[in-house]
Novice: 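Below are the C-alpha cells for one structure; questions will follow.
Counting from 1, the numbers follow the sequence of the chain as shown. Start at 1 and go down the list; that is how both ligands and their atoms are numbered.
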Amino acid sequence: MRVNTEVLPVSEESLGKARDIISAGGVVAFHTETVYGLGADARSDEAVARIFSLKGRPSDNPLIVHVAEGFDLTALVDEVPPYSVRLAEAYLPGPLTMIYPSKGHVSPLVTAGGETLAVRVPSSPCAQAFLRAVGCPIAAPSANLSKHVSPVTAEHVKADFDGWIPLILDGGKSEGGIESTVLDCTREVPVILREGLVTREMIARVAGSCLVHMPIEGEKPKSPGMAYRHYMPRCRTAYAKSVKEALDLLREEKEHGGRPAVLCEHVMCAAFPSFPVYDLGETDGEMASLLYLRLREAEDSATLLIALEPKLHGGCMAGVMNRLRRAFGGRS
Ligand code: TXA
Ligand code: MG
C-alpha cells in the first residue's frame, strides 16, 4: 500500500511519530554514522518480514540489531568474550558490529534462522535518539533496495522508498559513508566478516589479534551479505587498473554515443580533462565518506561509469576497495 513519505529532522514530534510507527509493526528509516538504516522492531516477525519485502532482500541474509548506548547486551546474547568487552569500551558507540551466540529473543527472521546475532550501537545522535524513543532493539539493514548503492543521505533513501515507508529521520549526510565493520566474536580470536571504518589494525591493537575471513568459493558464506553483487549503480560500470585503460574505455563509450564518466582519487582527476570526473578525495576517510555519494550522483547522468583503481592503501582502504570491487565487478 502506498503511503506519504515524510522526511523529518529529529524532534519531539518526529520521534513520537517514529515510536508510533515502530510499535504498530511499521518501518522507519534513520540516519546513522555509516549509512542510513531501514529499521523495525526486531522482536516482531511481521515487522522484520516487512523489511525483507521492502528491500527485496534474500531471506537467508541476516540483519543487524541496533541498540541504544547503555543497553544490556546480556538481554539478547550469551558469551560475550573479554576481548569484545574491551573493543566495546574502545570503539562503541561507533561503526563496529559484533556477533555473539543469540539467546533467541528476537524474531528468527533477523538471524535468518541462525544461532548468532549481530549487534550494533551506532554513535549518530539521530540514531541514538530514535533507539531511545522506541525503547526496543531495532533490526535494520542499509536503507537501499537490495543490491543498489547504500544511502548516505535522506534523499537517497527517498529515491529508493518514496511512497513505501512513512518516515525518514533525517540526520544529514552519513559521515562515515561505508557500512560498519562486522566482527565475529564467537571464537577465541575476533574474525572480520566485513571490513569497515574500524580497521583490522584498530581491532588487533585492543583485542591482541584479529583475523579477516576470506570466503572460499562454493562454501556457505559466513556473512551471507558478502556473497552477493552489491552496491550497484544503475548505470553500466567498468573497472580500470591504469589511466590508459580508463581512457580507452571512456573514448569507446563516447564513440558509441554514450555518456561515460570516471570515478577516481583526487590526484588522478587531472588525467581526464575532457570527461566528467567524480572525485573521491585524498584520504582513506574521505574516500569512504564520498564513495556512495559519488556513485549515486554518477548513476543519474552517466551511461558508463569507470572506476580507476585507487593507489592509496592503509587505514580503511580495505573496506573501500571491497565495496568498489563489488560495485564494479563483473559488469564491464
Ligand atoms: O553500518 C551498518 O552496518 C548499516 C547501518 C544501517 O547500521 N547496516 C548494514 O546492514 O550495513 P546490512 O544488512 O546492509 O548488512 C549487514 C551485514 C550483511 O553482510 C549480513 O550478512 C551480515 O551483516 N550479518 C548480519 N547478521 C549476521 C550474523 N548473525 N552472522 C553473520 N553475518 C551477519
Ligand atoms: Mg546493505
Novice: In ligand 1, which numbered atoms sit nearer than 4.0 Å to a non-hydrogen atom of Gly37?
Specialist: 6 (C)
Novice: Of Glu309, His313, Glu195, Met287, which is the lone residue that meets side chain to side chain contact (heavy atoms under 4.5 Å, CB included) with Met321?
Specialist: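 So the option named by the test is Glu309.
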Novice: Take Arg234 and Asp160 through the salt bridge (charged side-chain N to carboxylate O under 4.0 Å, His left out) test and state the conclusion after the steps.
Specialist: CA-CA 12 Å; Arg234 300 216 190 280; Asp160 281 14; 3.7 Å; yes
Novice: Aromatic ring centroids of Tyr231 and Tyr292 under 6.0 Å?
Specialist: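 They qualify: ring centres under 6.0 Å apart.
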Novice: Heavy atoms only: which of Asn61, Val182, Leu197 lies closest to atom 21 (O) of ligand 1?
Specialist: Asn61
Novice: Give me the ring orientation class for Phe328 and Tyr239: parallel if the planes are under 30° apart, tilted from 30 to 60°, perpendicular past 60°.
Specialist: tilted
Novice: Which one holds for Arg57 and ligand 1: side chain close, backbone close, both close, or neither close, with close meaning a heavy atom under 4.0 Å?
Specialist: side chain
Novice: Using heavy-atom distances only, which candidate in Pro62, Ala29, Gly39 approaches atom 24 (N) of ligand 1 most closely?
Specialist: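 Among Pro62, Ala29, Gly39, the closest heavy atom to atom 24 (N) of ligand 1 belongs to Pro62.
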Novice: Any N/O/S of Ser142 under 2.8 Å from the Mg ion (ligand 2)?
Specialist: yes
Novice: Evaluate Arg194 for polar contact with ligand 1, using N/O atom pairs at a separation under 3.5 Å.
Specialist: yes
Novice: For Thr34 and Gly177, indicate whether the former's side chain and the latter's backbone hold a donor-acceptor pair under 3.5 Å.
Specialist: no
Novice: Check Arg296 with Asp300, please: is the shortest side-chain N to carboxylate O separation under 4.0 Å?
Specialist: no
Novice: Please say whether the positively charged group of Lys254, taken as NZ for Lys or CZ for Arg, lies over the ring of Phe275, i.e. under 6.0 angstrom from the six-membered ring centre and within 45 degrees of the axis.
Specialist: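 Judged by the rule (NZ or CZ under 6.0 Å from the ring centre, within 45° of its axis), Lys254 counts as positioned above Phe275.
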Novice: For atom 2 (C) of ligand 1, which candidate among Gly114, Ala118, Ser180 provides the closest heavy atom?
Specialist: Ser180
Novice: Going by the order shown, which atoms of ligand 1 are within less than 4.0 Å of some heavy atom of Pro141?
Specialist: 6 (C), 10 (O), 12 (P), 13 (O)
Novice: Pairs of nitrogen or oxygen atoms closer than 3.5 Å, one from His66 and one from ligand 1: do any exist?
Specialist: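 N/O-N/O distance under 3.5 Å: yes.
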Novice: About how many Å separate CG of Asp41 and OG of Ser23, when rounded to the nearest 0.5 Å?
Specialist: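 Nearest 0.5 Å value for the OG-CG distance: 8.5 Å.
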Novice: With a 4.0 Å cut-off on heavy atoms, is Thr111 in contact with ligand 1?
Specialist: no
Novice: Need the ligand 1 atom indices (1-based, order shown) with element for anything under 4.0 Å from a heavy-atom of Leu193.
Specialist: 31 (C)
Novice: Could you tell me whether Ser142 and ligand 1 have an N or O pair separated by under 3.5 Å?
Specialist: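 Yes; at least one N/O pair falls below 3.5 Å.
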Novice: So, is Thr116 polar-close to ligand 1, with some N/O to N/O distance under 3.5 Å?
Specialist: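 Yes.
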Novice: Ligand 1 and Thr97, any nitrogen or oxygen pair closer than 3.5 angstrom?
Specialist: no
Novice: Roughly how far apart are Leu308 CG and Leu250 CG, rounded to 0.5 Å?
Specialist: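 Here the rounded value is 9.5 Å.
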